[in-house]
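This report concerns only the one structure given below.
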Amino acid sequence: MRSAPRRLVIVAALLALVAGAGALAGRVSAATAPSLPSKIGDAEFWQLIVELSEPDGEFPFDNFVSNEVSLQSVIPALQERTDPGGVYLGVGPEQNFTYIAALRPKIAFIIDIRRQNLLEHLMYKALFELSDDRAEFVSRLFSRKRPPALNSRTSAADLFQAFDRAPADRKLFDANLQAVTDNLTGRHHFPLTDADRTRLAFVYATFFREGPGLNYSIGGGPTVNMPTYAALMADRDGSGQQRSYLADDRNYEIVRKLEAANLVIPVVGDFAGPTAVREVGRYLATRHAPVTAFYLSNVERYLFEQRRAWRRFYTNVAILPYDDRSVFIRSVLNRPTFELEHSLSPIAAFMKAFSDGRIRRYQDAVTIAN
């Protein structure tokens, strides 16, 4: 039998060493482990963004909103195998808030290749801080006056149906954009560049123009079976329960409190890049805080289309602290329906498969250890 190439042996040894250290992080006692912060100051928050981020990258679409209808389907199983107070990693726009509301982590990092996604998350951060409840949040998000009779008992479907009938208000948009900018640059003193402000206004104007009917096709995405923002918020899991971050006041408050404490940290980074995933891993490792869940969406599909990118990503994952309960949340395209289906994959078992050389194709990645 031919021996494995020396390069693969070295990679496997590195993965075993680092992954083993990651697994131990989950078993450090609360008495000896440095705790994750309960709040991060504005200067530290911005410094983390700078230090963890990579240069702005490219993606074919603007991706203002997700297109993942079934993202709530894994939440019951996710809650069964995880505990609150952990660490959440994710990618993309608003779908992360729904997973954050379900997992109730102590800290969250959103890693996306586009700086525009970072700016969209800063827009959301400001809107959460400016909005005392869900109705006020949706009013500000789409710049539509708040309809009467909305309260804490209003369902997500009724909430968005009411706002769908409300006309876009240009004066409200102008006032809201100023309030968002003042929140970020005045209250928090984040040093947004002129280019950042221009992109922030572009994103916010898109939400204003499209309203609750905003979907993934806006900004160049596919046009087949794209759910609207309203539909995503009113969706249900397999048992019929609504679990979006705007489904009820409890979910909204979970995310709002984290945002107010600067504990949802957007980062610019390629999953296969040299900095973002690795530096997040080092930040967590020094605090002995294993990853609870890492939402990948379907990023792996794109990585397997690039030479060696998928290998670099999984090597980066090996630097993350994780334990036997840590999971990937993955979405995979079902070509007959053109919908993304979601599954959970234990990170430790998956990384063992990678270090053993059992992952060579995208199809391996989405079937092994699921």
Side-chain angles (χ1 to χ4, degrees), residues 57-75 78 88-102 110-114 116-121 123-124 138 141-142 156-157 159-161 163-164 202-238 242-247 251 255 266 270-271 293-305 328-345 362 365-366:
E58 296 182 353
F59 187 71
F61 318 121
D62 278 318
N63 197 12
F64 296 109
V65 62
S66 89
N67 62 340
E68 301 183 27
V69 178
S70 68
L71 69 91
Q72 296 185 34
S73 64
V74 295
I75 288 178
L78 195 58
Y88 173 83
L89 273 59
V91 63
E94 92 301 327
Q95 66 267 55
N96 293 283
F97 301 140
T98 292
Y99 284 135
I100 287 170
I110 312 300
I111 305 169
D112 195 284
I113 197 169
R114 302 167 303 122
Q116 182 170 296
N117 191 72
L118 178 148
L119 294 167
E120 182 170 332
H121 274 281
M123 176 195 80
Y124 273 117
V138 176
L141 182 61
F142 297 110
L159 180 72
F160 276 86
Q161 188 175 51
F163 276 103
D164 193 49
F202 166 68
V203 172
Y204 195 41
T206 302
F207 279 76
F208 164 68
R209 184 182 69 248
E210 301 297 331
L214 176 66
N215 66 39
Y216 191 76
S217 66
I218 306 302
T223 59
V224 180
N225 295 339
M226 294 298 110
T228 65
Y229 204 109
L232 289 167
M233 294 303 104
D235 197 24
R236 300 172 184 269
D237 68 12
Q242 291 188 339
R243 295 180 180 269
S244 79
Y245 79 99
L246 293 176
N251 283 2
V255 183
D270 183 341
F271 276 13
F294 190 167
Y295 163 64
L296 305 177
S297 186
N298 63 340
V299 171
E300 289 161 301
R301 170 191 153 203
Y302 297 96
L303 297 178
F304 273 87
E305 292 173 356
F328 286 135
I329 308 171
R330 178 180 284 122
S331 56
V332 179
L333 184 66
N334 182 323
R335 294 203 175 273
T337 63
F338 207 72
E339 292 181 354
L340 291 167
E341 299 179 345
H342 293 71
S343 64
L344 303 181
S345 173
Y362 177 55
V366 301

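The first residue of the sequence shown is numbered 1, and numbering continues consecutively from there. Here the structure is a predicted model, which means the values were calculated and not measured.
- What you find for Glu300 and Ala365 is that their closest heavy atoms are OE2-CB, 4.2 Å.
- To the nearest 0.5 Å, the span separating NE2 on His342 from CG on Leu78 amounts to 11.5 Å.
- In this structure, Asp270 contributes its side chain and Ile113 its backbone to no donor-acceptor pair below 3.5 Å.
- Rounded to the nearest 0.5 angstrom, Ile110 CD1 and Tyr295 OH are separated by 10.0 Å.
- Ring geometry for Phe207 versus Phe64: interplanar angle over 60°, hence perpendicular rather than tilted (30 to 60°).
- To the nearest 0.5 Å, the span separating OG1 on Thr98 from CD on Gln242 amounts to 11.0 Å.
- By the 30° and 60° cut-offs, the orientation of the rings of Tyr124 relative to Phe97 is perpendicular.
- One distance of note links CD of Gln95 with CD1 of Ile100; it measures 10.5 Å at 0.5 Å rounding.
- Tyr229 and Phe163 have their aromatic ring centers separated by at least 6.0 angstrom.
- Residues that satisfy the ring pair (Phe, Tyr, Trp, His ring centres under 6.0 Å) test with Phe208, not counting sequence neighbours, are Phe173.
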Inset, instruction - Determine, stepwise, if the pair Ile111 / Val91 fulfils side-chain contact (heavy atoms from CB on, under 4.5 Å). - result: CA-CA 5 Å; Ile111 305 169; Val91 63; 5.9 Å; no

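- Distance check: Leu344 CG to Ile329 CD1 gives 6.5 Å after rounding to the nearest 0.5 Å.
- Scanning both residues, Ser331 and Ser297, for their nearest heavy atoms gives OG-C, 2.8 Å.
- Side-chain atoms of Leu119 and Phe202, non-hydrogen and from C-beta on, never get closer than 4.5 Å to each other.
- Of the possible donor and acceptor atoms, none in the side chain of Glu210 sits under 3.5 Å from a partner among the backbone N and O of Ile218.
- At most 12 heavy atoms of other shown residues, nucleotides or ligands fall within 6.0 angstrom of atom CD in Glu58.
- Annotation for Pro227 and Leu232: closest pair CG-CD2, 3.8 Å, computed over non-hydrogen atoms.
- In this structure the side chain of Pro93 reaches within 4.5 angstrom of the side chain of Asn63, judged on heavy atoms.
- Note that the CG atom of Leu141 and the CE atom of Met123 stand 5.5 Å from one another [nearest 0.5 Å].
- Using a 4.5 Å heavy-atom cutoff, the side chains of Glu94 and Met233 are in contact.
- Residues Asp237 and Ile75 form no side-chain contact, since every pair of their non-hydrogen atoms from C-beta on lies 4.5 Å or further apart.
- Between the Arg301 side chain and the Val332 main chain, no donor and acceptor come within less than 3.5 Å of each other.
- For the pair Thr228/Phe160, no side-chain contact is recorded, criterion being any heavy-atom separation below 4.5 Å from C-beta on.
- The only option from Leu214, Asn67, Val65 that meets the side-chain contact (heavy atoms from CB on, under 4.5 Å) definition with Met226 turns out to be Asn67.
- Applying the ring pair (Phe, Tyr, Trp, His ring centres under 6.0 Å) test to Phe59 and every residue at least two apart in sequence or in another chain returns Phe61, Tyr302.
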Inset, instruction - Run the numbers on His121 and Asp112 for side-chain contact (heavy atoms from CB on, under 4.5 Å), then give the verdict. - result: CA-CA 11 Å; His121 274 281; Asp112 195 284; over 6 Å; no

